[in-house]
2 protein chains.
Amino acid sequence: MTALTPVDAKALADIALFAALPPAVLEEAAAMARTRPLPRGLRIFDQGEPAGRAHALLSGGVRITQAGSDGEEILVRLIGSGEIFGCVPVLTDGLYPADATAIVDAVELSWDPADLLALMQRHSRIAINMVAIVGKRLGEAQERLRELATQSADRRIARTLLRLLDQAGCRTGDGLRIDFPLRRKDIADIAGTTLHTASRILAAWQRDGLLISRNRHLVIASPEAMDRIAEGN
Amino acid sequence: MTALTPVDAKALADIALFAALPPAVLEEAAAMARTRPLPRGLRIFDQGEPAGRAHALLSGGVRITQAGSDGEEILVRLIGSGEIFGCVPVLTDGLYPADATAIVDAVELSWDPADLLALMQRHSRIAINMVAIVGKRLGEAQERLRELATQSADRRIARTLLRLLDQAGCRTGDGLRIDFPLRRKDIADIAGTTLHTASRILAAWQRDGLLISRNRHLVIASPEAMDRIAEGN
DNA sequence: GGAGAAGTTTGATCCAGCGCAAATTCATTG
DNA sequence: CAATGAATTTGCGCTGGATCAAACTTCTCC
């Protein structure tokens with residue numbers, strides 16, 4: 001479960017939470033961290049359960065979903081390498097607010113919540129980095145909220161794809177590819193629509209050559225056209 | 001515009017951002033703060049404008065709204081006394097992400113962004129408090145997102161009222177009253193529906209004696225019934 | 001390589017709630 | 001207190017997209 005080999009401080013430099021920190025502090029954080037491989041499909045934690053660890057992803061991808069009492073769920077966020085997750089409850093009510101599942105083989109670092117808190121107390125820069133990270137996510141959530149309340153399903157899906165490109169896009173032969181494996185249901189759960197509507201819209205875009213869908217990966221052939229749809233034609 | 005009288009450090013103790021801080025630090029924060037009265041209707045800042053100050057409310061209420069390029073807007077949050085607003089951009093891109101308007105006569109404290117940042121650097125507790133505040137708001141935003149994507153308009157409005165009660169409810173003769181003055185449009189903009197739908201639903205509840213609407217204030221006569229609606233009958 | 005599971009596509013139907021319009025009530029100000 | 005503007009209520013038709021149903025395709029694992 002837990003690697004016995006010490007965590008390399010250099011690995012921490014790629015994590016946004018530890019950006020702009022002196023090497024000594026990275027060493028300190030590394031000393032308290034544990035590495036763990038996360039095989040694809042692994043449920044990392046469950047919504048409502050006490051936050052036993054605070055997490056950061058070194059590689060791979062993690063899906064964060066939230067379910068209501070009725071079972072209806074949304075995809076809160078996809079976590080890529082260098083991003084933290086399940087860290088906020090350390091400072092609030094101590095309960096994970098959502099489920100986390102590895103969507104590809106991944107590697108995480110994790111800390112005991114008390115250790116991370118102590119680290120933030122000693123080094124305000126870490127706490128400040130965390131405000132920046134959480135603040136950015138809050139801004140995104142509010143933007144999604146506005147879109148969901150006011151825009152049509154196709155605009156929202158276009159926005160979703162553009163945001164994912166921004167987060168995890170890489171250039172390929174025929175366009176920009178989203179590095180996370182995504183099912184239609186995932187797209188729907190981010191954009192706030194149903195699997196069926198998402199499938200219809202993506203199929204139409206694929207017919208128009210705007211988009212290529214391979215395996216569980218999407219390649220956006222024309223980001224410009226996608227932009228135009230997102231802006232409402 | 002700016003009060004010449006020094007800010008009283010005791011006033012800071014009621015602000016969540018400065019919770020659990022030694023008096024000396026409160027003095028330090030007070031020394032850098034400015035007081036300003038905010039008459040009802042005053043636009044405090046505009047979306048997209050550089051964040052010239054970081055704000056906290058001593059009394060009154062402020063409405064934070066976000067508009068899209070098409071003019072459609074949502075109500076991101078209502079700020080009550082003791083809450084901070086317009087503080088996140090200090091740590092991110094430096095631009096206010098939304099509009100802020102006083103909805104009743106209010107009094108604010110404000111800081112120069114650089115001063116607040118320095119304060120957080122010196123006292124990690126302040127930065128940690130801020131993570132807790134922003135983290136809580138993020139959780140709320142994600143909850144709203146899920147509700148908006150999956151629940152009917154009446155459930156969302158019921159949830160909205162309950163959340164507002166939680167934030168600014170006070171007991172009165174005939175039920176629990178929400179302390180912010182709210183127009184139907186405000187309710188609609190929080191719940192993510194139209195003014196018309198909100199009006200219809202509230203009117204129906206008023207007919208059933210579940211709710212009393214006076215001036216621009218709502219009194220929830222039966223929070224229990226409201227709870228039941230929020231849970232889906 | 002084949003059986004079963006998981007994911008996708010597409011069709012048909014239906015309704016919550018949006019958009020538009022108009023009447024009515026309420027609040028503010030000279 | 002009248003008058004003007006703002007906010008609310010209510011009616012009605014229409015539609016985007018949810019829901020239900022079913023065929024089809026693609027993965028996964030033995």
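Scope of the values below: all heavy atoms of this structure, side chains included, with no hydrogens, waters or symmetry mates. Numbered from 1 within each chain, the chains take letters A, B, ... in sequence-line order.
If you measure from atom CG of Asp186(A) to atom P of dA6(C), you get 15 Å, rounded to the nearest angstrom. Rounded to an integer number of Å, the gap from CZ of Arg183(B) to C1' of dT28(C) is 15 Å. Computed from coordinates, the Arg216(B) CZ to dT25(C) C1' distance equals 13 Å when rounded to whole Å. At whole-Å resolution of the value, CZ in Arg155(B) and C1' in dG17(C) are 17 Å apart. Look at CG on Leu148(B): it is 11 Å from P on dG17(C), rounded to the nearest Å. The separation between Asp189(A) atom CG and dG7(C) atom C1' is 14 Å, rounded to whole Å. Taking atom CZ of Arg184(B) as the reference point, atom P of dG17(C) lies 18 Å away to the nearest angstrom. One interatomic measurement links the two molecules: NZ of Lys185(A) to P of dT8(C), which rounds to 11 Å at whole-angstrom precision.
At the phosphate of dT28(C), OP1 or OP2 sits under 4.0 Å from a side-chain N or O atom of Arg40(B). The side chain of Asn215(B) places no N or O atom within less than 4.0 Å of a non-bridging phosphate oxygen (OP1 or OP2) of dC26(C).
Gln167(A) and Glu83(A) are linked by a side-chain donor-acceptor pair at a separation below 3.5 angstrom, with hydrogens and angles left out of the test. A side-chain donor-acceptor contact under 3.5 Å links Gln66(B) and Arg146(A).
For the pair Asp186(A) and Arg183(A), the salt-bridge criterion is met [side-chain N within less than 4.0 Å of a carboxylate O]. Between Arg77(B) and Glu140(B) there is a salt bridge, with a side-chain nitrogen of the basic residue lying less than 4.0 Å from a carboxylate oxygen of the acidic one. Glu108(B) and Arg36(B) are joined by a salt bridge, as a carboxylate oxygen and a charged side-chain nitrogen come within less than 4.0 angstrom of each other.
Aromatic ring pairs are classed by plane angle as parallel below 30°, tilted from 30° to 60° and perpendicular above 60°; the pair Phe85(B) and His55(B) is parallel.
Annotation: proximity of residues 190-204 of chain B to DNA chain D (heavy atom, distance under 4.0 Å) is found for His196(B), Ser199(B), Arg200(B), Ala203(B), numbered in ascending order.
With a heavy-atom cut-off of 4.0 Å to chain B, the contacted part of DNA chain D has its first and last nucleotide at dA7(D) to dC12(D).
If you check every strand for non-hydrogen atoms under 4.0 Å, Ser152(A) touches sugar and phosphate atoms only.
Taking the nucleotide of DNA chain D with the nearest heavy atom to each of Asp154(A) and Arg207(B), the more 5' of the two is matched to Arg207(B).
Taking all atoms of both residues into account, the shortest heavy-atom contact from Trp205(A) to Asp154(A) is CH2-O, 3.5 Å.
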Practice task
Starting from the C-alpha separation in whole Å, work towards a yes-or-no answer on ring-ring contact (aromatic ring centres under 6.0 Å, His included) for His217(A) and Phe180(A).
Solution key: CA-CA 7 Å; His217(A) 285 274; Phe180(A) 295 111; 8.9 Å; no

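Looking at heavy atoms from C-beta onward, Arg184(A) lies out of side-chain contact with Arg216(A) at the 4.5 angstrom threshold.
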